[in-house]
Amino acid sequence: MDRLLRRLLHPLNRRLETTVHPLRYLFVEITQRCNLRCLHCGSDCGAKPRLDELTTDEWLRFFDYLAGHADTSRMVLVITGGEPLCHPELDRILEGLRGAGLAWGMVTNGHALSRPRIDQLMRAGLSSITVSLDGLEGSHDWLRGVAGAHARVTESLRHLVRAQVPFFDVVTCVNPRNLEELPRLGEELRAMGVPAWRLFCIFPRGRARGNAQLLLSPGQFRQLLEFIAARRVGTEGPRTSFSCEGYLPWRLDGRVRDEPYFCRAGISIGSVLCDGAISACPNIPRTLVQGNIRDDDLLQVWDRRFQAFRQRTWMKQGPCRQCSEWGRCLGNSMHLWDEQAGQTACCTFGMAQGATCGGPMERE
């Protein structure tokens, strides 16, 4: 009954949250360094940092700014990258977060997440962590581009379970190679004691653009959704859900998610990229950057320059132009926007009903 009520009230809740636009989650991309070579990386990260990355001192000043100007009692910073554990001065950054009294979490590939490092993160106030595991050994190492990556991350997951981080989940990027492995992977996560599991798709962005071996067909996409729906009924942990990355037919959405689809990029989710650029979700195109903390006041930019994220009529292009679902979908998740084509790169609503990615959309 509670879930049904939430879904009935969802349109009102979405309008209210969009109007008020509280900044609740701020992703902070502290570096684009990375210790893996992922085939699907949307940011083309590598072993070296961007030339214009913020210095550690700049990050510390920014944390102090947030502590002095933002309502941090209702805000969580999410440290990301690249791979945040690759930052050479991560210790100072953690000290700055703790000194500023900021609640923070981390997104990591888990490759460098040793037990001593986890203990350090916990002492610095880690409140949440998301770790990537993309299949069984062969599939994970293939996608991540480094032999032995699977062994490293699974060991990290065991350490995290024992550390009892307040919120901890695993994310999996589903592709044709690991799709059939999901039942076994879910059982391994259950045996380890992982509490929550979110499944993503890989869409044609970054290194994945033009790489058909990474992209699910409509039939495979539906297979993924049916797998998630089945796991959510009478299956022992981990709690499984589809990510926030795409609008789905209403009844199907309710079977794979706890909350109705709502892309909160620029509404309650913002980000500061490694060069100080102010954006919404860190996965959206850089053409949608709205300022830079080196020159602009973050909170003023958030209030005054993000109207396009809250009123998305400009996204009603291409296949969205005549779609009867526009009022509910609003152009799909912002990170699926294709700046080159000037339209969404993929219609998940259509894919769930058998259309190709970006194909025609029809009511279920």
Side-chain angles (χ1 to χ4, degrees), residues 17-18 20-34 40-45 49-55 58-59 61-63 65-66 69-70 72 75-84 87 93 102 104-107 130 200 203-209 243-246 262-315 330-345:
E17 189 169 338
T18 301
V20 178
H21 54 265
L23 182 54
R24 294 286 183 251
Y25 296 92
L26 183 63
F27 288 88
V28 178
E29 182 191 68
I30 60 173
T31 185
Q32 281 200 356
R33 298 172 180 88
C34 191
H40 62 304
C41 182
S43 301
D44 200 23
C45 299
R50 282 177 58 115
L51 295 177
D52 52 356
E53 287 190 1
L54 295 179
T55 65
E58 286 177 305
W59 281 121
R61 287 195 294 271
F62 176 64
F63 298 154
Y65 158 84
L66 288 176
H69 295 83
T72 57
M75 179 190 299
V76 175
L77 268 70
V78 182
I79 307 301
T80 184
E83 171 49 48
H87 195 290
I93 287 176
L102 300 172
W104 65 278
M106 177 178 287
V107 176
T130 293
F200 288 72
F203 290 106
R205 288 184 49 79
R207 293 177 191 164
R209 184 185 289 273
S243 70
C244 62
E245 66 189 355
F262 182 9
C263 177
R264 290 178 163 87
I267 295 171
S268 59
I269 295 175
S271 68
V272 177
L273 305 183
C274 65
D275 60 350
I278 300 170
S279 188
C281 170
N283 296 317
I284 68 174
R286 276 188 167 259
T287 53
L288 298 173
V289 162
Q290 300 299 310
N292 193 295
I293 63 169
R294 283 173 165 150
D295 307 308
D296 302 303
D297 182 293
L298 171 74
L299 297 180
Q300 290 184 7
V301 171
W302 178 257
D303 284 336
R304 301 174 185 177
R305 301 186 193 174
F306 275 77
Q307 290 85 351
F309 293 84
R310 299 158 192 161
Q311 301 296 329
R312 300 185 180 182
T313 53
W314 58 275
M315 294 182 68
L330 298 180
N332 219 342
S333 298
M334 185 71 72
H335 76 269
L336 296 179
W337 179 253
D338 186 335
E339 66 271 30
Q340 296 180 21
Q343 64 182 49
T344 185

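What you see is a predicted model; the values in this text were computed from it and never measured.
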| Salt bridge check: are Asp297 and Arg304 linked by an N-O gap of less than 4.0 Å? |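 A salt bridge is absent here (no side-chain N lies under 4.0 Å from a carboxylate O).
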| message | Could you check whether Asp275 pairs with Arg286 (Lys NZ or Arg NE/NH1/NH2 to Asp/Glu carboxylate O, under 4.0 Å)? | response |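 Yes, charged N to carboxylate O under 4.0 Å.
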Which atom of [X] lies closest to which atom of [Y], heavy atoms considered:
| X | Y | result |
| --- | --- | --- |
| Asn292 | Ala277 | ND2-N, 3.3 Å |
| Glu17 | Pro22 | O-CD, 3.7 Å |
| Tyr65 | Leu299 | OH-N, 3.1 Å |
| Val28 | Phe63 | CG1-CE2, 4.5 Å |
| Ser333 | Gly246 | OG-N, 3.2 Å |
| Cys45 | Cys34 | CB-CB, 3.9 Å |

Distance check, rounded to the nearest 0.5 Å: [X] atom [atom1] versus [Y] atom [atom2]?
| X | Y | atom1 | atom2 | result |
| --- | --- | --- | --- | --- |
| Ile278 | Gln300 | CD1 | CD | 10.0 Å |
| Asp303 | Leu298 | CG | CG | 9.5 Å |
| Leu330 | Cys263 | CG | SG | 9.0 Å |
| Leu51 | Gln32 | CG | CD | 11.0 Å |
| Gln290 | Asp296 | CD | CG | 10.0 Å |
| His21 | Arg310 | NE2 | CZ | 4.0 Å |

| field | Residues which pass side chain to side chain contact (heavy atoms under 4.5 Å, CB included) with Thr313, listed by chain and number, not counting sequence neighbours | value |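 With sequence neighbours excluded, Thr313 shows a side chain to side chain contact (heavy atoms under 4.5 Å, CB included) to no residue whatsoever.
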| Is the charged tip of Arg24 near the ring of Trp302: under 6.0 Å from the six-membered ring centre and within 45° of its axis? |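 Judged by the rule (NZ or CZ under 6.0 Å from the ring centre, within 45° of its axis), Arg24 is not positioned above Trp302.
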| request: Give the C-alpha distance, both sets of side-chain angles, the deciding distance and a yes or no for side chain to side chain contact (heavy atoms under 4.5 Å, CB included) between Thr344 and Phe203. | output: CA-CA 11 Å; Thr344 185; Phe203 290 106; over 6 Å; no
| request: Just do the side chain to side chain contact (heavy atoms under 4.5 Å, CB included) check on Met75 and Leu102 with the steps written out, would you? | output: CA-CA 8 Å; Met75 179 190 299; Leu102 300 172; over 6 Å; no
Measure the shortest side-chain to side-chain distance between [X] and [Y] over non-hydrogen atoms and say whether it is less than 4.5 angstrom.
| X | Y | value |
| --- | --- | --- |
| Pro49 | His87 | no |
| Leu77 | Leu66 | yes |
| Arg209 | Asp338 | yes |
| Cys281 | Met334 | no |

| For Phe309, which residues count as a ring pair (Phe, Tyr, Trp, His ring centres under 6.0 Å) partner, sequence neighbours excluded? |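 Residues passing ring pair (Phe, Tyr, Trp, His ring centres under 6.0 Å) with Phe309: Phe306.
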| request: Applying ring pair (Phe, Tyr, Trp, His ring centres under 6.0 Å), name anything that partners Trp104, two or more places apart in sequence or on another chain. | output: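 Trp104 satisfies ring pair (Phe, Tyr, Trp, His ring centres under 6.0 Å) with no other residue.
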| said: Checking Glu53 against Thr31: is there a side-chain donor and acceptor pair closer than 3.5 Å? | reply: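 Their side chains do contain a donor-acceptor pair, which is all the 3.5 Å distance test asks for.
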| message | Take a 6.0 Å sphere around CD of Glu339 and say whether it holds more than 12 heavy atoms from other residues, nucleotides or ligands. | response |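 For Glu339, atom CD is crowded (more than 12 foreign heavy atoms under 6.0 Å).
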